[in-house]
Amino acid sequence: MRVWNRAKLLWGYLARRSRLAALPVEYIVETTAKCNLYCPMCPRETHKQPKADMADEVFARLVRQAGDSAEHMMLIGLGEPFMDPHIFERIEFCHRHSISTLLSTNGTFLDERIAARVLDSPLEQITLSFDGAKKETFEFYRKGAKFEKVRDNFVRFARMKHERRSRLQVVVQMVKMEGNAAEAGDFLAFWSAVPGVDQVRIKEDETNLMRPNAGHAAADWKHPCHYLWRGPVYVKQNGDVYPCCQSYMLDGEPVGNVGAQPLFEIWNSAAMERMRRLHAEGRAGEVDICSRCCTTIPHPMLVAGSLVLHGKTVRRLLPIVERLAYFSKLPGKMLRPPQAGSQERQG
C-alpha cells in the first residue's frame, strides 16, 4: 500500500497534477506547543504559542487516517517533545500503525532516566539540537540552556545507545547561522568522535528571523516545490494543517483541520490544488507564502528519488546529502539554500 501510494505521488509530481490520488509520505506533527527555552531563530518568538498539548483524539484521528500511507512522522514543531506527557505513548501508537518516528530535542530534559525510556521505545531517529561548538555561541542561540549540561546529556545518551547496540539513529544537528558558521569544522570533529552518534548534520537556517532579507530570487523557483506533492505537511498542536512548516511561519492560512475534516479532503483542498497548479506552471511567486519562502530547494532529481525510497530512508540520507552540498561536493543546483538579500533584489 505504501509503495503504491508513493508511486502515485511520484506520477503526480512528474505529471504536475494539481489533484493527487495519494496522501503525503511524511508529516510534521506538533504534539506540544510548550517549550522551556528562548531561541532567537525560533518562530515561537514571533508567533505566540499556547501552553498546550495536542488532544489525544486529534492525534489518533491523524494516525488512523494516514496509517496506510504515511511512512514517517516527525513528532516535532514549535515545542520541546519531552514536555509532552504523552510523547512515549504517541511513539508507540505510530509504531503500531507501522509509521516510523523522529524526535528533535533541545536536550535539557534528556537525563539518564529519559534517555533509557527513549532507548526502550520504538523511536527510530532522534535529532540532538546543539547550535554551536563554543559555550558562548551555544548559550546565545539556546537561551535558558547550559552548554555543559546539554553537551553531557547528549554524550551520555549517545554512549548509552552505543553500549546497548541500539539501532536508533542518532543525529547531532547544528543550524548554520552567521554567529556559528565558523564553528562548523569543530562541531563536526567533536560530535563525529562520540560513540553512538550516527550522523552530524549542518542544517541551513530556514526561519529568516536572523536574516530577514534572506530568501530566493524568482528565478530559483524553476521547479515545483516538493512539499506540495510528498510532504511533510505540518500539523499544528490544535489540529490545523499547513502545506509545510514554512507556510505557518510566514502567516499563511491553514488548509484544513484534521480534527474536523478527512485528511484526503484537506490534502486536495481548493487551496492545495491552486498552489500545485501555480507551481506546475512556474508561477510559484504568485503564491504569497511561496514568494517569501526561505526553505532549501532540492533539485527535481532529489525529489523524485525521495519518492522512490521509503520516507525513513530519505530522512536518514538527508544529513549526508546536506553535508556534501555544504562542503561543495555536490553541484549547487542540487540543493539551493536561501541567500542573503534575495528579498531585497526581488523588491
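As the structure is a computational prediction, the values presented were derived from the model and not from experiment.
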Determine whether a donor-acceptor pair (N or O, by modelled atom type, separation under 3.5 Å) exists between the side chain of S192 and the backbone of L188. yes

To the closest 0.5 Å, what do you measure between CD (Q49) and SG (C42)? 8.0 Å

Taking the side chain as every heavy atom from C-beta outward, state whether H72 and I99 have any atom pair closer than 4.5 Å. no

So, are E124 and R167 salt-bridged, with charged N and O less than 4.0 Å apart? no

Checking side-chain polar atoms at under 3.5 Å, does E183 have a donor or acceptor matched by the opposite partner on T137? yes

What I want to find out is whether D152 reaches R156 closely enough, with some N-O distance under 4.0 Å, to be called a salt bridge. no

Heavy-atom pair with the smallest gap, counting every atom of V25 and G311: CG1-CA, 4.0 Å

Donor-acceptor pair, side chain of R201 and main chain of V172, under 3.5 angstrom: no

Spatial distance of atom CD (E273) from atom CZ (R17) [nearest 0.5 Å]: 12.0 Å

Salt-bridge criterion met for D205 and K176 (N-O under 4.0 Å): no

Suppose we call two aromatic rings close when their centres sit under 6.0 Å apart. Are H226 and Y13 close by that rule? no

Verdict with reasoning, V58 to V258, per side chain to side chain contact (heavy atoms under 4.5 Å, CB included): CA-CA 7 Å; V58 172; V258 75; 3.6 Å; yes

Any donor-acceptor pair under 3.5 Å from R277 side chain to S18 backbone: no

Cation-pi between K143 and F140: NZ/CZ under 6.0 Å from ring centre and within 45° of the ring axis? yes

Using a 4.5 Å cut-off on heavy atoms from C-beta on, say whether the side chain of V63 contacts that of R90. no

If you count the non-hydrogen atoms of other residues, nucleotides and ligands that lie under 6.0 Å from NE2 in H310, is the total more than 12? yes

Verify, without hydrogens or angle tests, whether D84 (side chain) and P81 (backbone) share a donor-acceptor contact under 3.5 angstrom. no

Where the side chain of W267 meets the backbone of A22, is there a donor-acceptor pair that is under 3.5 Å apart? yes

Quick test of your reading of the model: are E139 and K135 salt-bridged, counting only N-O distances below 4.0 Å? yes

With distance as the sole criterion, is a donor-acceptor pair present between the side chains of K161 and Q169 under 3.5 Å? no

Are the side chains of W191 and F154 in touch, meaning some heavy atoms are under 4.5 Å apart? yes

Begin with the C-alpha distance, continue with both residues' side-chain angles, and end with the deciding distance and a verdict on side chain to side chain contact (heavy atoms under 4.5 Å, CB included) for V155 and R159. CA-CA 6 Å; V155 169; R159 286 180 173 158; 3.6 Å; yes

Could you check if a side-chain atom of V233 sits within less than 4.5 angstrom of a side-chain atom of C244, using non-hydrogen atoms only? no

Establish, from distance only, whether the side-chain atoms of E80 and T108 form a donor-acceptor pair under 3.5 Å. no

Would you check, one step at a time, whether the test salt bridge (charged side-chain N to carboxylate O under 4.0 Å, His left out) holds for D120 with R164? CA-CA 10 Å; D120 287 338; R164 290 188 180 206; 2.7 Å; yes

For the pair T101 and C94, evaluate side chain to side chain contact (heavy atoms under 4.5 Å, CB included) and give the outcome as yes or no after the intermediate values. CA-CA 7 Å; T101 48; C94 287; 3.5 Å; yes

Would Y242 and L250 show up in the same hydrophobic cluster when neighbours are defined by side-chain heavy atoms closer than 4.5 Å? no

Is R316 salt-bridged to D198, cutoff N-O under 4.0 Å? no

For a quick check under 3.5 Å, do Y38 and E45 share a side-chain donor-acceptor pair by atom type? no

If hydrophobic clusters are built by linking Ile, Leu, Val, Met, Phe, Trp and Tyr wherever their side-chain heavy atoms come under 4.5 Å apart, do L20 and V287 end up in the same one? yes

Can you measure from CE (M41) to OH (Y141) and round to the nearest 0.5 angstrom? 8.0 Å

Show the nearest heavy-atom pair for residues D131 and R142, with the distance to one decimal. OD2-NH2, 2.9 Å

Counting distance only, does the side-chain N/O of R276 pair as donor-acceptor with the main-chain N or O of L228 below 3.5 Å? yes

Should the pair R151-E148 be classified as a salt bridge under the 4.0 Å nitrogen-to-oxygen rule? no

Mind checking the CZ-OG spacing from F88 to S121? Nearest 0.5 Å is all I need. 6.0 Å

Atom pair OG1/CE of T105 and M83 - distance to nearest 0.5 Å: 11.0 Å

Kindly assign one of parallel, tilted or perpendicular to the pair F138 and F147, based on the angle between their ring planes and the thresholds 30° and 60°. perpendicular

Would you check if the side chain of S100 reaches a backbone N or O of M73 as a donor-acceptor pair within less than 3.5 Å? no

For the side chain of K34 and the backbone of K51, is there at least one donor-acceptor N/O pair under 3.5 Å apart? no

Got N106 and N36 here, is their nearest side-chain heavy-atom distance under 4.5 Å? yes

ILVMFWY network linking L102 to F130, side-chain heavy atoms under 4.5 angstrom: no

Counting C-beta onward and ignoring hydrogens, is there a side-chain heavy-atom pair between M54 and H86 closer than 4.5 Å? no

Just checking E112: does its CD atom have more than 12 heavy atoms from other residues, nucleotides or ligands closer to it than 6.0 angstrom? no

Around E89, counting heavy atoms of other residues, nucleotides and ligands shown, do more than 12 lie under 6.0 Å from its CD? yes

Is it the case that more than 12 heavy atoms not belonging to K8 sit under 6.0 Å from its NZ atom? yes

Is the backbone of P254 close enough, under 3.5 Å, to the side chain of D240 for a donor and an acceptor to pair up by distance? no

Is it the case that the side chains of T32 and D53 hold a donor-acceptor pair, with the cut-off being a distance below 3.5 Å and no angle test? yes

Angle between ring planes, H279 versus W229, binned at 30° and 60°: parallel, tilted or perpendicular? perpendicular

Any sub-3.5 Å donor-acceptor pair from R283's side-chain atoms to L278's backbone N or O? no

Side chains of N257 and N238: is there a donor and an acceptor less than 3.5 Å apart? no

Using the rule given for ring pair (Phe, Tyr, Trp, His ring centres under 6.0 Å), can you reason through H47 versus Y248, listing the C-alpha separation, both sets of side-chain angles and the distance that settles it, and then say yes or no? CA-CA 9 Å; H47 294 69; Y248 173 77; 5.3 Å; yes

Could you go through the salt bridge (charged side-chain N to carboxylate O under 4.0 Å, His left out) check for E281 and R16 one step at a time? CA-CA 9 Å; E281 294 172 356; R16 305 298 191 252; over 6 Å; no

Gap between atom CZ of F157 and atom CG of L168 - 0.5 Å precision: 5.0 Å

Quick one: list whatever passes salt bridge (Lys or Arg N to Asp or Glu O under 4.0 Å) with R2, sequence neighbours left out. none

Step by step, would you call H97 with R64 a side chain to side chain contact (heavy atoms under 4.5 Å, CB included)? CA-CA 8 Å; H97 286 79; R64 289 191 180 109; 4.0 Å; yes

Co-membership, hydrophobic cluster, residues M275 and Y227, 4.5 Å side-chain: no

So is R230 actually on top of W11's ring, under 6.0 Å and inside 45° of the axis? no

Cluster link V118 to I76, ILVMFWY, side chain under 4.5 Å: no

